[in-house]
Engineer: 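Okay, here's the structure, questions in a sec.
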Amino acid sequence: MSSKNALRLLVLVGPTGSGKSTLAIRLCKELPGEVISADSRYLYQELNIGTAKPNPAELASVAHHLINVTTLDAPWSLGVFQKETRRLIEDINDRGKLPLLVGGTGQYIRAILQNWEIPAQAPLDDLRKAIEAWGERIGFDALHGRLARLDAEAAAWIDYRNKRRTIRALEVIFASGKRFTELRTKSSSPYQTLVLGLEWPREQLYQRIDARINAMLAQGFVEEVSALREAGRAAQLRRMGIIGYPEILDYLDNKITLDEAVTLIRRNTRIYVRRQANWFKLTDPTIHWVNAADPAVAEHMLDLIKSEFPV
RNA sequence: GCCGAGCUAGCUCAGUUGGUAGAGCAUGCGACUGAAAAUCGCAGUGUCCACAGUUCGAUUCUGUGGCUCGGCA
């Protein structure tokens with residue numbers, strides 16, 4: 001907790017399918033507050049049903065930020081998100097409302113809460129490709145060895161088998177002329193924060209997710225992917241690895257059946273849930289976990305918010 | 001009833017020329033500083049169907065029984 005006149009920031013975390021979006025709208029109506037989405041897939045106008053993005057009526061019911069703000073042709077990334085979110089937190093506070101940062105993208109939320117300063121090097125596609133080609137030539141463990149010589153600290157915590165992160169570290173070093181590790185810091189949050197978590201037993205969450213996938217299909221998920229495929233977006237969707245879209249594309253390409261696609265989507269979503277849990281742990285003392293199955297979950301959260309942020 | 005195949009991890013199966021076993025999936029855990037729904041790593045679990053025989057030793061060989069799946073009646 002920061003000083004009394006620090007900017008206020010309310011955060012709502014929880015795994016995919018936990019009901020964050022709906023709850024966020026409810027909370028914002030009462031506070032009043034405005035939603036800042038921390039979901040790396042809600043950013044894109046083209047993605048709707050398959051990402052479980054709130055529908056237009058829900059989005060119109062309270063102010064939402066950072067949803068549908070870009071297209072697949074102009075992808076955002078952590079740096080852009082962080083810059084925009086910091087600006088929004090200030091702006092919403094200035095207007096006398098409470099910003100509610102909500103989403104499942106752990107890295108984005110952590111970057112705000114821990115006040116990360118990230119290497120200010122935007123992605124350079126050509127350089128990335130060149131480094132990757134180099135790695136294919138000399139072997140990726142040799143590439144990692146190069147990183148170790150240039151920045152031993154970075155090499156120590158990037159697994160040698162993790163090509164993508166090895167390439168990113170080298171990209172920053174080559175483009176900036178500085179070590180990757182000297183360009184990154186973290187510190188305590190500049191905001192007065194309250195972090196709420198929506199907690200489900202794993203088994204129940206899996207059941208909710210299975211039901212949600214069925215609902216997506218009923219809402220026309222296959223048609224959404226089919227339209228994107230017609231528009232020539234298939235390769236892009238596969239490259240981004242957005243759960244559900246590659247599986248449905250495989251179905252549309254007659255590589256697998258719809259049942260097989262659904263099974264794969266369930267599996268991949270569960271794996272994602274487990275990875276998400278690494279960012280938001282039940283043992284994290286800074287997160288106030290609330291039982292999501294409790295019918296009064298919103299009231300409990302409002303009580304916590306009122307005691308943290310008295311009017 | 002007869003013939004054949006099978007019974008090993010939660011599931012599908014591999015394997016042990018006889019020295020008590022292993023992959024994938026599932027499950028759990030972890031890393032993460034401009035692709036993050038990405039990318040990458042780690043881990044556990046077994047009366048090897050039952051009983052008897054042979055053997056120093058049987059999940060493995062033999063016999064009997066049980067169950068499952070085919071085929072033939």
Side-chain angles (χ1 to χ4, degrees), chain A residues 15-17 37-44 47 50-53 70 72-85 103-125 127-129 131-132 135 140-141 144 151 153-169 171-173 175-176 178-187 201-203 205-206 209 212-213 216 236-248 260 263-283:
Chain A
T16 193
S37 167
D39 188 304
S40 67
R41 301 312 182 195
Y42 289 180
L43 295 166
Y44 301 98
L47 309 177
T51 59
K53 187 188 282 174
T70 189
L72 295 173
D73 293 322
W76 275 30
S77 57
L78 177 62
V80 186
F81 169 84
Q82 201 183 24
K83 188 162 145 264
E84 289 301 310
T85 298
T105 304
Q107 188 199 36
Y108 286 9
I109 290 176
R110 191 73 76 72
I112 295 296
L113 288 176
Q114 297 186 342
N115 202 31
W116 287 358
E117 289 303 327
I118 62 176
Q121 180 58 57
L124 299 168
D125 285 342
L127 182 54
R128 284 183 181 187
K129 280 183 192 134
I131 297 170
E132 183 164 14
F140 281 91
D141 41 348
H144 190 269
D151 187 343
E153 199 185 334
W157 55 257
I158 296 175
D159 190 279
Y160 70 95
R161 287 158 293 201
N162 197 331
K163 297 180 195 178
R164 189 172 283 196
R165 293 186 46 230
T166 303
I167 291 170
R168 169 61 186 166
E171 173 189 41
V172 169
I173 292 168
S176 70
K178 293 180 179 165
R179 279 181 299 112
F180 185 57
T181 42
E182 82 183 271
L183 296 172
R184 22 164 280 156
T185 63
K186 66 179 175 183
S187 56
R202 193 62 64 84
E203 192 52 44
L205 184 65
Y206 288 166
I209 286 167
R212 189 172 76 165
I213 292 167
M216 285 175 182
Q236 227 165 3
L237 290 171
R238 289 184 190 280
R239 183 155 23 86
M240 288 179 76
I242 309 162
I243 294 170
Y245 291 77
E247 295 88 336
I248 297 294
E260 287 168 335
T263 301
L264 283 170
I265 295 171
R266 285 186 184 157
R267 174 200 297 176
N268 291 330
T269 307
R270 289 177 184 209
I271 291 172
Y272 171 49
V273 162
R274 283 179 241 141
R275 261 185 297 128
Q276 268 183 317
N278 284 318
W279 295 98
F280 313 119
K281 292 184 202 289
L282 292 174
T283 53

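Chain naming here is simple, since letters A, B, ... match the order of the sequence lines and numbering starts at 1 in each.
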Engineer: Give the nucleotide from the list B/G34, B/C40, B/A36 with an atom nearest to the side chain of A/Arg128.
Structural biologist: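 Closest nucleotide to the A/Arg128 side chain: B/G34.
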Engineer: Which nucleotide in the list B/A31, B/A36, B/A37 gets nearest to the side chain of A/Asn278?
Structural biologist: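 Within the option list, the nearest is B/A31.
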Engineer: Measure from the side chain of A/Tyr206, starting at C-beta and using heavy atoms only, and say which of B/G28, B/C32, B/G30 lies closest.
Structural biologist: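 Of the options given, the side chain of A/Tyr206 lies nearest B/G28.
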Engineer: Whether the A/Thr269 and A/Arg212 side chains hold a donor-acceptor pair (N or O, under 3.5 Å, no angle test) is what I'd like checked.
Structural biologist: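 No pair is found: no donor N or O on one side chain lies under 3.5 Å from an acceptor on the other.
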Engineer: Of the listed nucleotides (B/A26, B/G28, B/C40), which one gets closest to any side-chain atom of A/Ile271?
Structural biologist: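 Nucleotide nearest to A/Ile271's side chain: B/A26.
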Engineer: Determine whether any donor atom in the side chain of A/Arg267 lies under 3.5 Å from an acceptor atom in the base of B/A26, or the reverse, and answer yes or no.
Structural biologist: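 Donor-acceptor pair under 3.5 Å: no.
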Engineer: Taking only the side-chain heavy atoms of A/Val80 (C-beta and beyond), determine which of B/G34, B/U33, B/C40 contains the nearest atom.
Structural biologist: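 The answer is B/G34.
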Engineer: Quick check for you: among B/A36, B/A37, B/U33, whose closest atom lies nearest to any side-chain atom of A/Asp39?
Structural biologist: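 That would be B/A37.
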Engineer: Select one nucleotide: of B/G41, B/G34, B/A37, the one nearest the side-chain heavy atoms of A/Arg161.
Structural biologist: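 Of all the options, the side chain of A/Arg161 is nearest to B/G41.
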Engineer: Can you measure A/Asp125 atom CG to B/A35 atom P for me and round it to whole angstrom units?
Structural biologist: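 About 10 Å, once rounded to whole Å.
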Engineer: Counting heavy atoms from C-beta on, name the nucleotide in B/A37, B/A31, B/G34 closest to the side chain of A/Lys281.
Structural biologist: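 Ranking B/A37, B/A31, B/G34 by closest atom to the A/Lys281 side chain puts B/A31 first.
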Engineer: Within residues 105-114 of chain A, which residues have any heavy atom lying less than 4.0 Å from an atom of RNA chain B?
Structural biologist: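 Those residues whose heavy atoms fall under 4.0 Å from RNA chain B, taken from residues 105-114 of chain A in numerical order, are A/Thr105, A/Gln107, A/Tyr108.
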Engineer: From the set B/G34, B/C32, B/C40, return the single nucleotide nearest to any side-chain atom of A/Asn162.
Structural biologist: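 Per side-chain heavy atoms of A/Asn162, the pick is B/C40.
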Engineer: Can you tell me which nucleotide in B/U39, B/A35, B/C40 comes closest to the side chain of A/Arg165?
Structural biologist: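 When the side chain of A/Arg165 is considered, B/U39 is the closest of B/U39, B/A35, B/C40.
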